Amino acid sequence: MGLDITCFIETRESHFKSNWTCKAEYHLSRDTELFGYMANGILIDDRSKFSNRGVPSDVSSVVEQAYILYVDDDYANCDHSVPTTKALDSVAEGKSFWWNNERTIITHPDYFSASWLTVKELEQILSVKQNYDLEVIINIMQSINRIRVFKASRLIFWFDR
């Protein structure tokens with residue numbers, strides 16, 4: 001059993017300052033050393049220059065739906081729902097946190113060290129750790145950034161227990 005990572009590339013259009021759109025989901029090959037450069041808490045010796053930022057509050061709905069679970073006793077057996085007791089336990093154990101003030105949504109308890117990085121930050125990682133998957137992601141993000149309508153791109157990711 002190895003460490004898995006879930007990644008999404010998001011963009012923001014220049015005329016919508018706060019609306020991010022998911023452009024791609026990418027599955028990186030397992031490379032624990034690379035993951036250690038991307039986020040703290042993955043390796044014993046933290047190599048990451050970037051603190052874990054969490055999943056941004058302005059994340060696209062696609063990414064949000066992948067990251068959260070609804071607290072709902074009536075639909076607790078659905079893929080994206082969890083009963084109240086399990087949600088409370090996950091939060092108390094520090095495996096999840098409340099995603100909204102109403103306490104009806106939690107972060108998935110199997111996900112940890114969530115963060116996001118810009119293409120410039122990913123390039124810094126690539127300069128010390130070669131990885132073909134990372135090169136592909138950087139090339140995609142650079143291509144997106146060259147399109148005039150897009151103001152920004154970011155890679156959002158988390159690890160799976």
Side-chain angles (χ1 to χ4, degrees), residues 1-13 16-119 121-122 125 131 133-134 136-137 140-141 144 150-161:
M1 209 162 174
L3 182 65
D4 290 321
I5 185 171
T6 301
C7 301
F8 294 90
I9 297 172
E10 288 191 325
T11 60
R12 183 172 63 195
E13 295 182 17
F16 294 113
K17 290 190 177 180
S18 63
N19 292 353
W20 288 88
T21 303
C22 179
K23 294 297 182 190
E25 181 175 359
Y26 198 89
H27 299 279
L28 283 167
S29 300
R30 288 183 179 159
D31 184 338
T32 307
E33 185 181 5
L34 171 66
F35 300 166
Y37 284 107
M38 293 174 70
N40 289 316
I42 304 305
L43 298 175
I44 294 170
D45 62 329
D46 283 327
R47 299 175 184 185
S48 180
K49 297 178 190 173
F50 314 105
S51 60
N52 298 353
R53 299 170 176 154
V55 172
S57 60
D58 63 351
V59 71
S60 68
S61 61
V62 170
V63 176
E64 180 180 53
Q65 292 304 308
Y67 189 62
I68 60 152
L69 294 173
Y70 292 94
V71 179
D72 191 334
D73 292 319
D74 294 331
Y75 297 98
N77 294 325
C78 296
D79 287 344
H80 291 285
S81 296
V82 64
T84 303
T85 55
K86 189 171 181 179
L88 291 170
D89 289 346
S90 293
V91 171
E93 294 168 9
K95 293 180 179 178
S96 296
F97 63 88
W98 295 107
W99 186 252
N100 63 356
N101 291 332
E102 295 79 21
R103 294 184 172 213
T104 58
I105 302 172
I106 62 168
T107 60
H108 198 294
D110 290 340
Y111 302 158
F112 64 98
S113 296
S115 195
W116 59 272
L117 296 169
T118 66
V119 70
E121 292 165 334
L122 293 169
I125 294 169
N131 180 282
D133 284 332
L134 187 58
V136 169
I137 288 172
I140 292 169
M141 292 175 70
I144 288 169
F150 297 119
K151 182 175 175 117
S153 65
R154 63 187 179 190
L155 181 75
I156 297 178
F157 60 92
W158 55 81
F159 301 91
D160 193 342
R161 296 184 207 280

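Since we're looking at a predicted model, the values are computed, not measured. Every heavy atom of this structure was used, including side-chain atoms; hydrogens, water molecules and symmetry mates were not.
The closest side-chain heavy-atom distance from Trp99 to Leu69 is not below 4.5 Å. Contact check for Ile9 versus Met141: side-chain heavy atoms found under the 4.5 Å cut-off. Phe157 has its side chain within reach of Ser115: a pair of non-hydrogen atoms, C-beta onward, lies under 4.5 Å apart. Annotation: side chain of Met38 is in contact with side chain of Leu28 (closest heavy-atom distance under 4.5 Å). Inter-residue side-chain proximity for Thr6 and Glu25 is flagged as met; some heavy-atom pair is nearer than 4.5 Å. Residues Ile156 and Glu10 meet the side-chain proximity criterion, which asks for heavy atoms closer than 4.5 Å. Taking 4.5 Å as the limit, every side-chain heavy atom of Ile5 sits out of range of all side-chain heavy atoms of Asp160. Looking at heavy atoms from C-beta onward, Leu122 lies in side-chain contact with Leu134 at the 4.5 angstrom threshold.
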Task: Thr107 and Phe112: CA distance, side-chain angles, deciding distance, side chain to side chain contact (heavy atoms under 4.5 Å, CB included) verdict - done: CA-CA 9 Å; Thr107 60; Phe112 64 98; over 6 Å; no

- [ ] Under the side chain to side chain contact (heavy atoms under 4.5 Å, CB included) rule, what do Arg30 and Leu3 come out as? Steps first, then yes or no, please.
- [x] CA-CA 7 Å; Arg30 288 183 179 159; Leu3 182 65; 5.9 Å; no

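If you check the side chains of Asp133 and Ser29, you find a donor sitting under 3.5 Å from an acceptor. Checked by atom type, the side-chain pair Tyr70/Gln65 shows a donor-acceptor distance below 3.5 Å.
Summarising the geometry, atom OG belonging to Ser60 is positioned 10.0 Å from atom NZ belonging to Lys23; distances are rounded to the nearest 0.5 Å. How far CD1 of Ile68 is from CD1 of Ile106: 9.5 Å, rounded to the nearest 0.5 Å. Distance check, rounded to the nearest 0.5 Å: CH2 of Trp20 to CZ of Arg12 gives 4.5 Å. Here the OG-CD1 distance, from Ser96 to Ile105, works out to 12.5 Å after rounding to the nearest 0.5 Å. Interatomic distance, CG of Leu117 versus OH of Tyr37, reported as 14.5 Å (0.5 Å rounding). Distance check, rounded to the nearest 0.5 Å: CZ of Phe159 to OG1 of Thr32 gives 9.0 Å.
Of the possible polar contacts, one joining the Asp73 side chain to the Thr84 backbone as a donor-acceptor pair under 3.5 Å is found. With Asp72 contributing its side chain and Asp74 its backbone, the two residues share a donor-acceptor pair below 3.5 Å. Checked by atom type and distance alone, the side chain of Thr118 never pairs as donor or acceptor with a backbone atom of Arg154 at under 3.5 Å. With hydrogens and angles disregarded, no donor-acceptor distance shorter than 3.5 Å links the side chain of Ser153 to the backbone of Ile144.
Other residues, nucleotides and ligands contribute over 12 non-hydrogen atoms within 6.0 Å of the CG atom of Asn100.
Outside the 6.0 Å centre-distance limit, the rings of Phe8 and Trp116 are not counted as a close aromatic pair.
Summarising the geometry of Val59 relative to Glu64, their closest heavy-atom pair is CG1-CB, 3.8 Å, with the distance given to 0.1 Å. When every heavy atom of Ala114 is checked against every heavy atom of Asn52, the shortest pair comes out as O-CB, 3.8 Å. Listed here is the closest heavy atom pair of Asn40 and Ser51: ND2-CA, 3.6 Å.
Among residue pairs with one or both ends in residues 85-98, those qualifying as salt bridge (charged side-chain N to carboxylate O under 4.0 Å, His left out) are Glu93-Lys95; sequence neighbours excluded.
Under the 30°/60° scheme for interplanar angles, the aromatic rings of Tyr111 and Tyr67 are found to lie parallel.
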